[in-house]
2 protein chains.
Amino acid sequence: MTQSPKRPLTLRDVSEACGVSEMTVSRVLRKSGDVSEATRTRVLAAAKELGYVPNQIAGSLASQRVNLVAVIIPSLGNMVFPEVLAGINAAFDDTPLQPVVGVTDYLPEKEETVLYEMLSWRPSGVIIAGLEHSEATQAMLTNAGIPVVEIMDTDGNPVDAMVGISHRQAGRDMARAILREGYERIGFLGTKMPLDHRARKRFEGFTEGLAREGIEIEDRIFYHGGSALLKGREMTQEMLERSPDLDFLYYSNDMIGAGGLLHLLDQGVDIPGQIGIAGFNGVELLAGLPRQLATTDACRREIGEAAARIIINDTGSEPDPDMPRSVTMKPTLSLGDTLRRRHG
Amino acid sequence: MTQSPKRPLTLRDVSEACGVSEMTVSRVLRKSGDVSEATRTRVLAAAKELGYVPNQIAGSLASQRVNLVAVIIPSLGNMVFPEVLAGINAAFDDTPLQPVVGVTDYLPEKEETVLYEMLSWRPSGVIIAGLEHSEATQAMLTNAGIPVVEIMDTDGNPVDAMVGISHRQAGRDMARAILREGYERIGFLGTKMPLDHRARKRFEGFTEGLAREGIEIEDRIFYHGGSALLKGREMTQEMLERSPDLDFLYYSNDMIGAGGLLHLLDQGVDIPGQIGIAGFNGVELLAGLPRQLATTDACRREIGEAAARIIINDTGSEPDPDMPRSVTMKPTLSLGDTLRRRHG
DNA sequence: GTGAAAGCGCTAACAC
DNA sequence: GTGTTAGCGCTTTCAC
């Protein structure tokens, strides 16, 4: 930290500063190969003194290795993906691998360009949300020549590997739980996300689960944009105005579910006696609501960790061939205080 | 998309596939220089057909230019930084610049390593949260030789440029608003974040603002970890048990404020008559609560946009020398329904 | 409008 | 344990 260089420092600068060949300096800085303790300290001192920061661009080009892992997700706005990222980060913690995240906003074209940009940095692997992609995206993933883990969802076939839960099954399970408690007049409240395939599959599984018992959804409503809590309130009000005899409301996520919960409590509705409700995700954020919302835990952190482990395995020196390439987590359904009918 | 190559494709592959020199192929792909329409189409066709993805590593090394901007933030877990990112993204939208985010978890050592790693990719600029950094971090920023914008906070001196709000002033303003409404027995509830300098400055400004009117905080409490909503409830209960005569509670963020709000309503407390409350941030998420929480909007998106604009300016071909290097946004204080004493 | 040569800063592979 | 040589895949520069 001796100068304020216009030109970034190079290995050569360090080499000259300590009278050791560039090659040896490089070895010291990468802790690779055998270097005598004496030169090691000299080099380290010089590098620190100068404030040298290695140039990974050159390094990666020369070594044909990049420690970057592309992580492509639809959004950072809800709590779900940050938690997946936390899992990925944790798993990469004592490896040289580094996640680089790209956000698609649920837009297939954006997914395409984001993936293209990331692939142009020749990452060591890709972790990407969902199993549904544009043809071009699919092609890029297939031809990338690096491990690709598709996450969140396992209802479909991965390009290479997948880790997630079955949203269809989650929907079915919730349907079963609701019917088991004796609810029969059921409404569905979702965010309008034509491209959120996981929400769609959950909905499909849900209707299917009801159908098995000969039940049909009585009403449904889809909104988008705005504050989720507020939307939850508004949707609930609107739905109950036009379908006042519903006895259960299934929300496509916990946030709008919480809004619905608050609205119903405001109205003096008896929950879960008169009306039961449930959401989806298990966001810890919401502990602290007047009632514990029934929900399905989506195993977000675990998914991130497992996906990262596949990448770590595949990029390691001796990949375990038995590493499973399809991991379906079992989400936990918690009834909370809002999905227990008082029988009789 | 004709093969599934083990070895990634290079310019040379495209060159051979279409019988045009590598150089010209490169020009086409970068839309630089004049190329005849005929060859242009030939090259593009070949590249697409093969599924060629340019190697930015090689490109950046050769051109000595990298379109990456390092964005270093403490966390993705609360809504605040994702909104800053959204602002940055929006501003970069029609530039070649690409944000790459690193997360520090409020840990100075992690900030140091994250910055080091990012600088080793030779980004075109750095956007980093906060003005307080370790000496090593400070040194790296100073010597990076690229534009550096420190964001969120303007109570201090930036290495290069800064965009944010004065948290000290925000605290003072809230104190003033509270006193103006006639509240006098005031408690403060914060998350225990010794390294969250912005929360600290807000607290300092707040106590200072009270002191001007000869008022002192009567009680304070700091928690950390867990669900913010739940913590808000618990802290509120605990504080009111030991200091039952408080008439105002100032929370260091909206989420714990919301928890407090729910708790007080549960207890049948008259808000804002008996007790007034306020949070900080203006998170849209919370619209939909039973009461609109008083809060200070922290201009998160605007801060991201303004910071990005500075980077865009500085890395452009002809930087505007008049571009301000210190932008202090004026946050809006909204009283909501929880900070209006019924006088008399 | 197109091509050939040189080199970006580093590391693999091999000498010593 | 240390140094030398070549070359990673592109772009810059300059020639044609």
Side-chain angles (χ1 to χ4, degrees), chain A residues 5-44 46-47 50 52-68 96 117 119-124 145 317, chain B residues 5-44 46-47 50 52-68 96 117 119-124 145 317:
Chain A
K6 188 70 257 165
R7 168 185 65 76
L9 295 142
T10 70
L11 260 191
R12 164 176 235 108
D13 295 307
V14 181
S15 165
E16 283 170 358
C18 64
V20 174
S21 80
E22 287 184 44
M23 198 51 233
T24 301
V25 173
S26 168
R27 281 197 267 256
V28 170
L29 265 21
R30 277 176 301 134
K31 320 179 203 317
S32 109
D34 288 325
V35 181
S36 76
E37 192 50 36
T39 52
R40 227 183 71 82
T41 14
R42 283 224 333 263
V43 169
L44 254 20
L50 295 174
Y52 171 69
V53 178
N55 185 333
Q56 293 244 41
I57 302 201
S60 299
L61 183 61
S63 67
Q64 304 281 68
R65 281 184 291 94
V66 183
N67 320 327
L68 268 22
E117 303 262 76
L119 287 183
S120 73
W121 287 98
R122 298 290 186 266
S124 294
S317 44
Chain B
K6 190 70 254 163
R7 167 184 64 75
L9 295 144
T10 69
L11 259 192
R12 163 176 236 107
D13 295 307
V14 181
S15 165
E16 284 170 359
C18 64
V20 174
S21 78
E22 288 183 44
M23 198 50 237
T24 301
V25 173
S26 167
R27 279 197 270 253
V28 171
L29 266 21
R30 276 176 301 133
K31 322 180 202 316
S32 109
D34 289 325
V35 180
S36 74
E37 193 49 35
T39 52
R40 225 183 72 83
T41 15
R42 280 219 343 258
V43 169
L44 253 20
L50 295 174
Y52 172 69
V53 178
N55 185 332
Q56 294 245 38
I57 302 200
S60 298
L61 182 61
S63 66
Q64 304 281 69
R65 280 183 290 95
V66 183
N67 309 328
L68 267 23
E117 304 261 76
L119 287 184
S120 73
W121 288 98
R122 300 290 186 266
S124 294
S317 46

Using the salt bridge (Lys or Arg N to Asp or Glu O under 4.0 Å) rule, take R40(B) and D34(B) through it: C-alpha gap first, then chi angles, then the decisive distance, then the call.
CA-CA 10 Å; R40(B) 225 183 72 83; D34(B) 289 325; over 6 Å; no
Starting at atom CD of E16(B), determine the distance to atom C1' of dC10(D), rounded to an integer number of angstrom.
15 Å
State which of dG3(C), dA12(C), dC10(D) makes the closest approach to the side chain of R30(A).
dA12(C)
I57(A) CD1 to dG7(C) C1', straight-line distance once rounded to whole Å:
16 Å
Taking atom CD of Q64(A) and atom CG of L61(A), what is their separation to the nearest 0.5 Å?
6.5 Å
Just the rounded figure in Å: distance from C1' of dG9(D) to CG of L29(B).
13 Å
Closest listed nucleotide, where the reference is the side chain of L11(A) and the choices are dG3(D), dT11(C), dT12(D)
dT11(C)
Let me know the distance between CD of E22(A) and C1' of dA6(D), rounded to the nearest Å.
14 Å
For A58(A) and V20(A), take the nucleotide of DNA chain D holding the closest heavy atom to each; which residue's nucleotide lies nearer the 5' end?
V20(A)
Would you find a donor on one side and an acceptor on the other, under 3.5 Å apart, between the side chain of S32(A) and the backbone of V28(A)?
no
Take the protein atom CZ of R12(B) and the nucleotide atom C1' of dG7(D), then report the distance between them rounded to whole Å.
13 Å
N/O (side chain, S21(A)) to phosphate O (OP1/OP2, dG3(D)) under 4.0 Å:
yes
For Q64(B) and dG9(C), is the shortest distance between a side-chain N/O and OP1 or OP2 below 4.0 Å?
yes
For DNA chain C, what residues of residues 33-43 of chain B have any heavy atom nearer than 4.0 Å?
D34(B), V35(B), S36(B), T39(B)
N55(A) has an atom CG; how far is it from atom P of dT11(C), in whole Å?
9 Å
Counting only side-chain N and O atoms of Y52(A), is one of them less than 4.0 Å from OP1 or OP2 of dG9(C)?
no
Is it the case that the side chain of S26(A) and the backbone of E22(A) share a donor-acceptor pair, with hydrogens and angles ignored and the cut-off at 3.5 Å?
no
Select one nucleotide: of dC10(D), dC8(C), dG3(C), the one nearest the side-chain heavy atoms of L61(B).
dC8(C)
Measuring to OP1 and OP2 of dA12(C), would you say a side-chain N or O of R65(A) lies under 4.0 angstrom away?
yes
Counting side-chain heavy atoms from C-beta on, which of dT11(C), dT2(D), dA4(C) comes nearest to M23(B)?
dA4(C)
So, taking the atom named CZ in R122(B) and the one named OG in S124(B), what distance separates them when rounded to the nearest 0.5 Å?
12.0 Å
Is the shortest side-chain N/O distance from T24(A) to OP1 or OP2 of dT2(D) below 4.0 Å?
no
Would you please say whether a donor-acceptor pair under 3.5 Å links the side chains of S120(B) and Q56(A)?
yes
Check the phosphate of dT11(D) against S26(B), side-chain N and O only, distance under 4.0 Å to OP1 or OP2. Yes or no?
yes
Less than 3.5 Å between a donor and an acceptor, one on the side chain of R27(B) and one on the base of dG3(C), is that the case here?
yes
Flag, side chain of S60(A) to backbone of V66(A), donor-acceptor distance under 3.5 Å:
no
Value rounded to 0.5 Å, distance of CG in L11(B) from CG in N55(B)
9.0 Å
